[in-house]
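Just so it is clear, the values below take in all heavy atoms, side chains as well, and ignore hydrogens, waters and symmetry mates. Letters go in sequence order (proteins before strands), and every chain restarts at 1.
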Amino acid sequence: MSDLITLTLPDGSQREVARGTTGADVAASIGPGLAKAALAAKVDGELVDLSRPIEADAALALVTVRDEADALELARHDFAHVLAEAVQGLFPGTQITFGPSTDDGFYYDFAPAPGRGPFTEDDLPAIEEAMRAIIKADKPLRREVWSRAQLISRWKQQGENFKAEWAAELAPNDDGSEDLTVYWSGDDWLDMCRGPHLPSTGKLDPQAFKLTRVSGAYWRGDQKNAMLSRVYGTAWLNKKQLDAHLLRLEEAAKRDHRKLGREMDLFHLQEEAHGSVFWHPRGFIIYRELEAYMRRRLDPAGYQEVKTPQIMDARQWEQSGHWGKYRENMFVIPDEVPNTEDEGPVVSNDAQWMALKPMNCPAHVLIFRQGIKSYRDLPLRMAEMGCCHRNEPHGALHGLMRVRQFTQDDGHIFCRQDQIVAEIAAFCDLLDVVYKDLGGFSYAIKLALRPEKRFGSDAMWDWSEQSMRDAVKATGRDNADWGWEELPGEGAFYAPKLEFHLTDAIGRTWQVGTIQTDTVLPERLDASYVGEDGNRHRPVMLHRAILGSYERFIGILIEHFAGWFPTWLAPCQAVVATIVSDADDYAGTVADTLRKAGIRVETDLRNEKINLKVREHSLQKAPYMLVVGRREAEEGTVALRSLKGGEQKVMPLAEAVALIKADATPPDLR
RNA sequence: GCCGCUUUAGCUCAGCCGGUAGAGCACCGCAUUCGUAAUGCGGGGGUCAGGUGUUCGAGUCACCUAAGCGGCACCA
């Protein structure tokens, strides 16, 4: 074996160096500037420490802040370690557990010292200071390889029970060895970590991070385990990036649907009906427009709309399986006349139970079962704007995004096995059109596979999962362009789920649409059709939704558009505002003309300055304002102002009406 | 459901070491008729989330309950 190896640099040049040369050595040999700037090495595409000896011919690239993605990942990971070191310095007895990088920073989970409660936001400034001191000390970060036994014993000796547990359970390395890597910060603090890390803490910018919040988090993400105390931070390569991020957060907060919902008078929530929405007149216009739009899309796509009971007997839910697998999320009610006669309990102990529907699917099967269905009836597409109630964990409720009463744009397609691929493909096409119409959203597709808690045989799951893969393949969406991935364990209890994740205007993703291949429910509820062979067969049931729920989808739309709805959805599409009261009559004529053209119009005849009117209706996010004064009244014109853009133009009334009417036409009617 | 924080006028928020509640906006009234993001003056409005306790005295301290917020877990 030669003592020399060949390294190929990114520019294609090659260097013969001694075996065991490190990335740092190469950087130093190229120049002092690079030696200082280098953060890590990439050996054959794998990110490793700068101090890691290179043992064979390889492609070598040196990572600097210019390689932003890698540099950020390294920095955030290091910030997490610095956080842990700082916390242990400040609060002796705190156990460290786990601390990865995140999309915008990092977190670390701690088990606070006995007698000390979880960390609070008041602790953060002191922790930040301690972190800055560690960065300023420029402590070298040194990798060492320890045996599993050696490390476990060290953790136990230090009272790091969580680390010891984890070290014991980590899978052996690919080569079968039991070695684990640790990193020293200076020579007084160490953590178990796969790495890689920066050469020293001084490579971090002490002004480029901010601890943002604290929260509880379960050890290893499991509700049955201990609650740990998590500290979150956001971290960047420099202060400018950090400030830009903090500004983005502020901008995101401004489009929060709860804030805009109140300011724009769209809806409200209150304690007495927490988790259920009070839609105000303005908000309900959006809801109705959206519902009307969906019907115009569903009808020609061959769906038949139905309406099914809100409450059904528990026996029905037992048969569908919901009583067994979903009851903790259901509102159950006694099937009994409440006692009003005396002081006794309102409901007796032997009341029979009914339940509010958490899903529409069983009722749809019950409709399907009425009469005898032939193979000629399939595929049978049933739709319902189904109002469902789910008793969600209280901590999960969140504005319109997570509520206890919501309406799904639900639908179930009963079909033969050989129709699944075509039906899923048709659904994908429909969904494409809807997401494009409603905001030009892009989306990713995921396949959620069988969960632990489920019905049906493994063979059934094998079959239904594979049929969904085949269907997506047929649509050409099973690739990275569509964010395609499979999510083990995340399916519904009765079926694997194709999930459609929208990306909104500021890059956040929301799971809304879904289609699921279910063979369990038709079986449990005994749905069948008569085939060409004259025998009874089980149909497959595709559960599908495009918006998911109206409530959540409108919440997403509010945030996506920051309140500036496209004109066809806007609660008030045009405001006629006067400059002087002499124009009041003319303003009335203008408003009538718009109203007759089908525009939702309001007038603002208040004795206020036009400045105030522009400001207030801008804050209400009306798309158009038609300003009229003496001049317009005499000439039969309007000053049409786009409140969002701010530009305005004087034009004849008829022209303004035509312009607004065109803009107010729903996308499917253009 | 779990951890932390919060809850004062319609909204946003101030209120110190416990001594009997305040601002801006909104609302109402009056004046102002004004050309594209806040006209001026005046007025009304609060069992300080609910409950229990400590205290001569609680918005303020303690405990319980509820809801909200940020996460965790769960999820359309």
Value in whole Å for how far the [atom2] atom of [N] lies from [atom1] of [X]:
X	N	atom1	atom2	answer
A:His268	B:C11	NE2	P	11 Å
A:Glu490	B:A73	CD	C1'	13 Å
A:Arg552	B:C74	CZ	C1'	12 Å

> When the nearest nucleotide of RNA chain B is assigned to A:Val403 and to A:Val614 on a heavy-atom basis, which residue is associated with the more 5' position?
Replying inline: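 The 5'-side residue here is A:Val614.
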
>> Judged by each residue's nearest nucleotide on RNA chain B, which is more toward the 5′ side, A:Gln405 or A:Tyr232?
In response: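 Taking each residue's closest nucleotide, the earlier one in sequence belongs to A:Tyr232.
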
Has [X] got a side-chain N or O lying under 4.0 Å from the OP1 or OP2 atom of [N]?
X	N	value
A:Arg213	B:C69	no
A:Lys497	B:C75	no
A:His398	B:G70	yes
A:Arg630	B:C34	yes

> What do you reckon, is NZ of A:Lys325 surrounded by more than 12 foreign heavy atoms closer than 6.0 Å?
Replying inline: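 Counting neighbours around NZ of A:Lys325, more than 12 heavy atoms of other residues, nucleotides or ligands fall under 6.0 Å, so yes.
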
Nearest to the [X] side chain among [options], which nucleotide is it?
X	options	result
A:Asn607	B:A37, B:U32, B:A76	B:U32
A:Leu397	B:G68, B:G35, B:A37	B:G68
A:Val580	B:C75, B:A38, B:U33	B:U33
A:Arg258	B:C34, B:A37, B:C69	B:C69
A:Pro393	B:G1, B:C75, B:A67	B:G1

>> Check this for me: does any side-chain nitrogen of one of A:Arg381 and A:Glu423 sit under 4.0 Å from a carboxylate oxygen of the other?
In response: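 A salt bridge is present here (some side-chain N lies under 4.0 Å from a carboxylate O).
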
Find the partner of [N]: check Watson-Crick (N1-N3 plus N6-O4 or O6-N4) and G-U wobble (N1-O2, O6-N3) distances, both under 3.5 Å, and reply none if neither fits.
N	answer
B:A37	none
B:C72	B:G1
B:A62	B:U52
B:A67	B:U6
B:U32	none
B:U20	none

Please measure how far the [atom1] atom in [N] lies from the corresponding atom in [M], and state the result in whole Å.
N	M	atom1	answer
B:U65	B:U7	C1'	14 Å
B:G43	B:U55	P	43 Å
B:G29	B:C69	C1'	39 Å
B:C63	B:C27	P	42 Å
B:C64	B:G4	P	11 Å

> Which glycosidic conformation, syn or anti, is assigned to B:C17 if syn requires a torsion within 90° of zero?
Replying inline: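 Glycosidic conformation of B:C17: syn.
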
>> Can you say whether a donor on the side chain of A:Arg402 sits under 3.5 Å from an acceptor on the base of B:C74, or the other way round?
In response: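 Flag set: donor-acceptor pair detected.
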
>> Determine whether a donor-acceptor pair (one donor, one acceptor, N or O, separation below 3.5 Å) exists between the side chain of A:Glu632 and the base of B:G35.
In response: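 Yes, a donor-acceptor pair under 3.5 Å.
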
>> Are A:His245 and A:Phe209 an aromatic pair, judged by ring center distance below 6.0 Å?
In response: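 Between A:Phe209 and A:His245, the centre distance exceeds or equals 6.0 Å.
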
> Should the ring pair A:Phe441 and A:His560 be called parallel, tilted or perpendicular, given that the plane angle runs from 0 to 90° and is split at 30 and 60?
Replying inline: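 Answer is tilted, since the angle falls between 30° and 60°.
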
Hey, what are the protein-to-nucleotides 2-6 of chain B N/O distances that come in under 3.5 Å?
residue: B:C2; atom: O4'; partner: A:Tyr218; partner atom: OH; Å: 3.4
residue: B:C3; atom: O2; partner: A:Gly216; partner atom: N; Å: 3.2

>> Name the residue from A:Arg255, A:Lys259, A:Arg258, A:His257 that meets the side-chain hydrogen bond (donor to acceptor under 3.5 Å, both in side chains) definition with A:Glu559.
In response: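 With A:Glu559 as partner, A:Arg255, A:Lys259, A:Arg258, A:His257 yield a single side-chain hydrogen bond (donor to acceptor under 3.5 Å, both in side chains), made by A:His257.
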
